[in-house]
Amino acid sequence: MGKGGKGAEAAAAVAGAGEEENMAAWLVAKNTLKIMPFKLPPVGPYDVRVRMKAVGICGSDVHYLREMRIAHFVVKEPMVIGHECAGVIEEVGSGVKHLAVGDRVALEPGISCWRCRHCKGGRYNLCEDMKFFATPPIVHPGDLCFKLPENVSLEEGAMCEPLSVGVHACRRADVGPEKGVLIMGAGPIGLVTLLAARAFGAPRVVIVDVDEHRLSVARSLGADAAVKVSTRAEDVGEEVERIKAAMGGDIDVSLDCAGFSKTMATALEATRGGGKVCLVGMGHNEMTVPLTSAAIREVDVVGIFRYKDTWPLCIEFLRSGKIDVKPLITHRFGFSQKDVEEAFEVSARGRDAIKVMFNL
């Protein structure tokens, strides 16, 4: 996060690759972030150089800070942290024709190999050789930089990354104008998924969470009903009945944006026969869920991993006003050692913090 940096490859940059130097926020140990130099790579013919202006903190950033890993992704060397970003183009490679110096752009942070089976089959988000950077380097492929319309701010551009998760989930779950949608979890991803479901035409959306403040935010963003639940597994049966009553009809699609055994069990039990349940993002590695009862009702279960081909649609949703992400940005910070540490503390505590944004 900050003004440049490259995730797992970034340590090599500090060691001396490149000529120009920039400053970035590095994850160096558990609960330890330091602003240190980063050596910028040269601009290739199909690259652009972008000065970062807005960077959001993702839940995965906080998890990396606390644990130095997420699932099987383990931080083994210093890593520049942060990947939700937008900025202004400062230099354009000779082969880039659709962008110019001064353009404001949102950046898709994952660079796939374009050679493997997944990439050739159109599912590049599953590429096993994906270079998914923390904050992307200031030098980034031009085809992964998307020009922002005049009425879309840089902060909104940075929000295209979390919004992409919701858009990809709605595509995978076939959300549409005839689908009643249940969303488990009213955290940042649950809320952007709510906004995406609305933009995809879902006629009724019910959202569930344990926190009343998050549920009140969901109501303000357009949820038709918000149901407060407990963390106790023994309450699933009673809560499913309350959720169904709140929907007032069939639950055709459930999107689990929390990723716990209980939330997934609730989604599976609440979804109608022949419906679909989508696990959004990376939940707990192991879950105990009622698969047999879901299977005999032919409830389809799908997952998502990141996103693909979502930035143009996200930008159009923002441009047209179909989606307004501005209410989700609750806290803003500058870029200093103190700001970085405080921003991550605010993001980690949750409560009233939904999206914490750096303005650079």
Side-chain angles (χ1 to χ4, degrees), residues 59 71 165-166 168-176 178-198 200 202-219 221-305 350 354:
V165 176
H168 186 47
C170 287
R171 283 174 170 172
R172 286 276 287 159
D174 298 321
V175 171
E178 298 180 347
K179 304 289 181 68
V181 174
L182 168 65
I183 296 175
M184 303 299 299
I189 293 300
L191 294 174
V192 293
T193 301
L194 161 65
L195 295 175
R198 277 290 189 226
F200 274 79
R204 188 163 179 83
V205 181
V206 174
I207 195 162
V208 173
D209 202 278
V210 299
D211 183 85
E212 182 56 47
H213 174 71
R214 291 292 175 94
L215 291 175
S216 68
V217 174
R219 292 187 193 96
L221 293 175
D224 294 288
V227 180
K228 187 175 181 180
V229 295
S230 75
T231 58
R232 297 184 299 270
E234 57 267 28
D235 294 338
V236 167
E238 180 269 332
E239 290 171 357
V240 165
E241 293 307 312
R242 287 199 287 123
I243 291 167
K244 287 181 176 180
M247 180 63 74
D250 284 339
I251 296 171
D252 303 291
V253 174
S254 292
L255 300 124
D256 183 1
C257 300
F260 296 99
S261 291
K262 192 202 171 194
T263 54
M264 195 63 175
T266 303
L268 289 167
E269 289 294 307
T271 304
R272 68 164 174 84
K276 186 171 288 190
V277 173
C278 180
L279 178 59
V280 182
M282 300 177 70
H284 281 200
N285 285 347
E286 296 183 4
M287 298 184 188
T288 301
V289 296
L291 279 181
T292 301
S293 64
I296 62 176
R297 291 182 292 117
E298 294 193 355
V299 174
D300 293 336
V301 180
V302 299
I304 71 161
F305 186 58
I354 298 174

Can you tell me how far SG of Cys170 sits from CD1 of Ile183, rounded to the nearest 0.5 angstrom?
-> 7.0 Å
Are any side-chain N or O atoms of Arg297 and backbone N or O atoms of Ser293, one a donor and one an acceptor, separated by less than 3.5 Å?
-> yes
Taken to the nearest 0.5 Å, the spacing of Asp235 CG from Arg242 CZ works out to 8.5 Å
How many angstroms lie between CD1 in Ile189 and CD1 in Ile304, if you round to the nearest 0.5 Å?
-> 8.0 Å
Heavy atoms of Ala218 and Ile207 approach each other most closely as CB-CG2, 3.5 Å
State whether the side chain of Lys228 and the backbone N or O of Leu215 hold a donor-acceptor pair below 3.5 Å, judged by distance alone.
-> no
Could you tell me whether the side chain of Ser254 and the main chain of Val277 form a donor-acceptor pair under 3.5 Å?
-> no
Within a reach of under 6.0 Å around CD of Glu234, are more than 12 heavy atoms found that belong to other residues, nucleotides or ligands?
-> yes
If you measure from the Lys or Arg side-chain nitrogens to the Asp or Glu carboxylate oxygens, is any gap between Lys276 and Asp252 under 4.0 Å?
-> no
Can you name the one residue among Val229, Ile243, Val208 that meets side-chain contact (heavy atoms from CB on, under 4.5 Å) with Thr266?
-> Ile243
For the pair Lys262 (side chain) and Ser230 (backbone), establish whether a donor and an acceptor sit closer than 3.5 Å, ignoring hydrogens and angles.
-> yes
Could you tell me which non-hydrogen atom of Ala270 sits nearest to which non-hydrogen atom of Val240, and how far apart they are?
-> CA-CG1, 3.9 Å
Do you know the tightest heavy-atom contact between Arg204 and Ala225?
-> NH2-CB, 4.2 Å
Student check: side-chain heavy atoms of Val206 and Val227 closer than 4.5 Å = yes
Kindly compute the distance separating CG (Asp174) from CD (Glu178), expressed to the nearest 0.5 Å.
-> 12.0 Å
Heavy atoms of Gly185 and Ala258 approach each other most closely as CA-CB, 4.4 Å
When you check the gap from the basic side-chain N to the acidic O, do Arg219 and Glu212 get nearer than 4.0 Å?
-> yes
CD-CD distance between Glu239 and Glu269, expressed to the nearest 0.5 angstrom | 12.5 Å
Spell out, as yes or no, whether a donor-acceptor pair under 3.5 Å connects the side chain of Asp224 to the backbone of Val205.
-> yes
Is Arg172 reaching over with its side chain to a backbone N or O of Cys278, donor-acceptor style, under 3.5 angstrom?
-> no
Which atoms form the tightest heavy-atom contact between Leu268 and Leu291, and what is the distance?
-> CD1-CD2, 4.3 Å
Locate the shortest heavy-atom distance separating Arg214 from Pro188; write the atom from each residue and the value.
-> NH1-CD, 3.6 Å
When you look at Leu182 and Thr271, which way does the side-chain contact (heavy atoms from CB on, under 4.5 Å) test go after all the steps?
-> CA-CA 8 Å; Leu182 168 65; Thr271 304; 5.6 Å; no
Walk me through it: do Arg171 and Phe200 pass the test side-chain contact (heavy atoms from CB on, under 4.5 Å)?
-> CA-CA 9 Å; Arg171 283 174 170 172; Phe200 274 79; 3.9 Å; yes
